[in-house]
Amino acid sequence: MPTQADVMEKIVALCRRRGFIFGSSEIYGGIGGFWDYGPLGTELKRNIKDAWWNDCVRNPPPGPNGIEYQMVGVDCSIIMNPKVWEASGHVGGFKDPMISCRQERCKKLFRADKLFIIGFYDQADIDDAEPVIEEAQGIATRDRQEANTLIQSLPHSHIPRFMKTLEADTPEDAVSQVPFDSLSHSVRRQFRGNPCPACWRLDRPLPPSWPPARCPICGGELTEARAFNLMFETHAGALQDSSSKVYLRPETAQGIFVNFPNVVKTSRVRLPFGIAQIGKAFRNEINPRNYTFRSREFEQYEIEFFCHPSEAAMWYEYWRDLRHKWYVDLGLRSDKLRLRDHEANELAHYAESCADVEYDFPFGLSELEGIANRTDFDLKAHIEKSGKDLSYFDDQRKERYVPYVIEPSGGVDRSVLAFITEAYTMDEDRASPEFMNFHPRLAPIKAAVFPLVAKDGLPEIAEPVYREIKKHVPCQYEAKQSIGKRYARMDEAGTPFCFTVDGQTKEDDTLTVRDRNDASQIRIDKSRCVEYLRDRLGL
RNA sequence: GCGGGUGUAGCUCAGUGGUAGAGCGUCACGUUGCCAACGUGAAUGUCGUCGGUUCAAGUCCGAUCACCCGCUCCA
């Protein structure tokens with residue numbers, strides 16, 4: 001019985017062997033987190049993007065209660081004015097400061113903003129300074145310098161009598177994890193008056209009077225918090241100084257938000273409507289993993305759907321269900337595909353509600369697409385930062401407002417990997433034990449034409465058939481090697497149908513059609529190939 | 001970033017100090033009459049890189065680079 005890891009390895013091997021996906025710049029040893037699509041992978045990815053663009057932008061289904069709505073596209077630059085990323089919070093907040101344990105046998109890695117140190121003061125020690133401590137506690141998690149100044153203003157004797165480091169989501173959570181009563185007797189005996197906890201988040205330097213924090217797992221020494229800015233930086237223009245610093249976009253969404261007024265003024269769109277974009281985004285992941293799933297360069301397909309705040313909940317549900325159905329309709333039919341609503345405590349600060357479309361890859365359940373009600377958070381942030389009015393006047397409602405935004409945002413490369421994973425089928429009973437069961441819309445090659453043998457005039461009959469099909473759908477011709485090997489190769493590429501010209505074709509102009517999934521064959525007239533494909537592929 | 005693992009032909013790998021190998025794949029020719037057939041022939045390697053030990057290094061030593069797996073995060 002192959003393990004999940006074995007399956008993943010087989011998929012990776014097939015993708016490489018057949019030219020779906022290669023590691024980037026392999027001849028120089030490769031580079032982590034970057035991938036190239038080969039001939040088959042490029043066709044597959046293009047088909048997925050085309051299906052998305054057609055189904056979401058050019059010809060979306062009617063909205064809730066049959067409401068018609070407009071969808072338009074944009075294609076924004078990857079590098080934008082850095083102020084875009086200040087407004088979006090990426091420059092200030094899109095960092096992951098990390099702390100690790102120096103202890104050889106531990107070496108555990110922590111997110112600095114999830115690591116807290118609790119110090120217990122004795123009330124008797126700080127009676128006169130109590131308001132200062134209390135205030136510092138409150139702002140310690142907000143403003144480093146201010147809190148630092150406050151703590152430093154305390155007399156030297158005010159060092160906590162007991163300190164503990166632990167992992168938590170919030171300071172309140174951290175404090176509640178170590179009730180004073182739970183401390184050992186010998187610790188509690190050190191306190192004469194009431195214990196008073198102070199909590200410090202470790203993504204900023206500790207007050208100078210405090211002893212260093214220790215690892216919550218092993219008690220070992222911890223490193224400083226190091227910031228990993230996930231945005232790639234580069235420079236625009238000749239000068240390579242801070243004034244020319246720019247970023248590769250970490251998401252495509254902001255290009256849509258900053259173009260919202262342009263689209264409204266030039267496109268005769270009326271709310272509710274959506275703006276769609278497919279494009280590359282970049283994140284300097286600390287540790288790219290799981291094949292193409294978490295890459296440093298990736299492509300997103302994304303919609304920002306603008307609507308009246310009172311209708312946001314309705315449109316959120318509409319898009320959530322529509323996007324889930326899209327994956328199902330394109331072949332992710334197994335129970336590996338899930339739609340999961342976020343719990344309230346899981347929501348990002350900008351989202352009112354959020355759901356993930358998840359796929360159960362061999363390496364675990366992972367997110368393909370997130371659908372979020374982002375409220376007016378983004379537009380308001382840009383209004384504030386830019387000073388421009390991004391509000392909308394609604395002629396129907398006779399009302400000016402900042403629209404709410406529903407955002408279905410998916411990873412193209414993640415979808416590609418999910419469709420590949422779902423299509424990958426092993427059947428030891430077949431002559432070709434591996435085949436790719438792609439949905440016909442997604443299959444890189446739709447058909448192949450073979451002469452059964454390369455003699456007796458069969459190639460001369462097969463070639464015109466191939467040339468005719470090629471005008472309508474991607475098709476390949478192959479005359480060499482045994483027929484079985486040619487079928488097997490097409491199975492690995494996921495080609496749904498193979499047409500084979502044999503001796504009988506010379507007599508009655510029929511040829512065989514072989515089905516990829518069950519290897520069954522029927523005979524049709526050789527002039528009906530294109531018609532047959534149209535019919536069976538649903539094109 | 002830290003720990004572990006791996007680098008030899010396109011792929012999978014063998015090769016424990018003495019001539020660079022196998023299977024599969026690829027290409028050519030022949031054969032072949034429906035599911036990875038067969039025969040003959042051919043091409044393909046700075047043994048990841050740099051340095052050291054040795055008469056001699058794919059093999060031993062050191063360094064370095066890259067990738068993979070874990071810890072963490074996300075579309």
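It should be emphasised that the depicted structure is a prediction, and the values quoted were computed from it without experimental measurement. Below, all heavy atoms of this structure are taken into account, side chains as well, without hydrogens, waters or symmetry copies. Chain identifiers are assigned alphabetically (A, B, ...) following the order of the sequence lines, protein sequences preceding nucleic acid strands; residue numbering begins at 1 within each chain.
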Using a cut-off of 4.0 Å on non-hydrogen atoms, how would the nucleic acid contact of Ser415(A) be classed: base, sugar-phosphate, or nothing? nothing
Quick one: label Gly410(A) by what it contacts on the DNA or RNA (base, sugar-phosphate, nothing), any heavy atom closer than 4.0 Å. sugar-phosphate
Looking at residues 39-57 of chain A, who's got a heavy atom less than 4.0 Å off RNA chain B? none
Residues in side chain to side chain contact (heavy atoms under 4.5 Å, CB included) with Glu317(A), at least two apart? Arg320(A)
Asp502(A)-Thr500(A) side chain donor-acceptor pair, cut-off 3.5 Å: no
G70(B) pairs with which nucleotide, Watson-Crick or G-U wobble, both distances below 3.5 Å? C2(B)
Salt bridge (Lys or Arg N to Asp or Glu O under 4.0 Å) partners for Arg528(A), two or more places apart: Glu531(A)
Kindly write out the residues that satisfy side chain to side chain contact (heavy atoms under 4.5 Å, CB included) with Asp321(A), not counting sequence neighbours, or none if the list is empty. Leu339(A)
List in chain and number order the residues that pass side chain to side chain donor-acceptor pair (under 3.5 Å) with Glu304(A), two or more places apart in sequence or in another chain; answer none if no residue qualifies. none
Using the side chain to side chain contact (heavy atoms under 4.5 Å, CB included) criterion, which residues pair with Ser482(A)? Sequence neighbours excluded. Lys485(A)
Between A75(B) and Glu407(A), counting only base atoms on the nucleotide and side-chain atoms on the residue, is there a donor-acceptor pair under 3.5 Å? no
Do Arg486(A) and A36(B) share a donor-acceptor pair, side chain to base, under 3.5 Å? no
Would Tyr487(A) count as stacked on A36(B) if the rule is ring centres under 5.5 Å and plane angle under 30°? no
Tabulate protein N/O versus nucleotide N/O from nucleotides 40-50 of chain B, keeping only pairs under 3.5 Å, one per line.
none

Ignoring hydrogens and angles, does a donor from either the side chain of Gln521(A) or the base of C34(B) sit under 3.5 Å from an acceptor on the other? yes
For the NZ atom on Lys164(A), are there more than 12 heavy atoms of other groups (residues, nucleotides or ligands in this structure) within a distance under 6.0 Å? no
From NE2 of His342(A) over to C1' of C74(B), roughly how many Å is that when rounded to an integer? 11 Å
Atom pairs under 3.5 Å: protein N/O with N/O of nucleotides 23-29 of chain B:
from: G25(B); atom 1: OP1; to: Lys485(A); atom 2: NZ; distance (Å): 3.2
from: U26(B); atom 1: OP1; to: Arg489(A); atom 2: NH1; distance (Å): 2.8
from: U26(B); atom 1: OP2; to: Gln481(A); atom 2: NE2; distance (Å): 3.1
from: A28(B); atom 1: OP1; to: Lys480(A); atom 2: NZ; distance (Å): 2.6
from: A28(B); atom 1: OP2; to: Lys480(A); atom 2: NZ; distance (Å): 3.2

With a non-hydrogen cut-off below 4.0 angstrom, is Leu458(A) in contact with a base, only sugar-phosphate, or nothing? base
Are there any protein N/O atoms within less than 3.5 Å of an N/O atom in nucleotides 68-70 of chain B, and if so, which ones and at what distance?
from: C69(B); atom 1: OP2; to: Arg289(A); atom 2: NE; distance (Å): 3.4
from: C69(B); atom 1: N4; to: Arg289(A); atom 2: NH2; distance (Å): 3.1
from: G70(B); atom 1: N7; to: Arg289(A); atom 2: NH1; distance (Å): 2.8

Applying side chain to side chain contact (heavy atoms under 4.5 Å, CB included), can you list everything that pairs with Asn437(A), at least two apart in sequence or on another chain? Thr425(A), Phe435(A), Arg516(A), Asn517(A)
Both distances under 3.5 Å, Watson-Crick or G-U wobble: report the partner of C13(B), or none. G21(B)
Can you list the residues that meet the salt bridge (Lys or Arg N to Asp or Glu O under 4.0 Å) rule with Arg514(A), with sequence neighbours excluded? Asp491(A)
Which atom pairs, donor and acceptor, lie under 3.5 Å between side-chain atoms of residues 492-499 of chain A and protein residues at least two apart or in another chain?
from: Glu492(A); atom 1: OE1; to: Arg18(A); atom 2: NH1; distance (Å): 3.3
from: Glu492(A); atom 1: OE2; to: Arg17(A); atom 2: NH2; distance (Å): 2.6

Nucleotide forming a Watson-Crick or wobble pair with U40(B), both distances under 3.5 Å: A28(B)
In whole Å, I'd like the distance from the CD atom of Glu358(A) to the P atom of A75(B). 12 Å
Which whole number of Å gives the distance between the P atom of U46(B) and that of G21(B)? 16 Å
Looking at C34(B), does its base get a donor-acceptor pair with the side chain of Arg514(A) below 3.5 Å? no
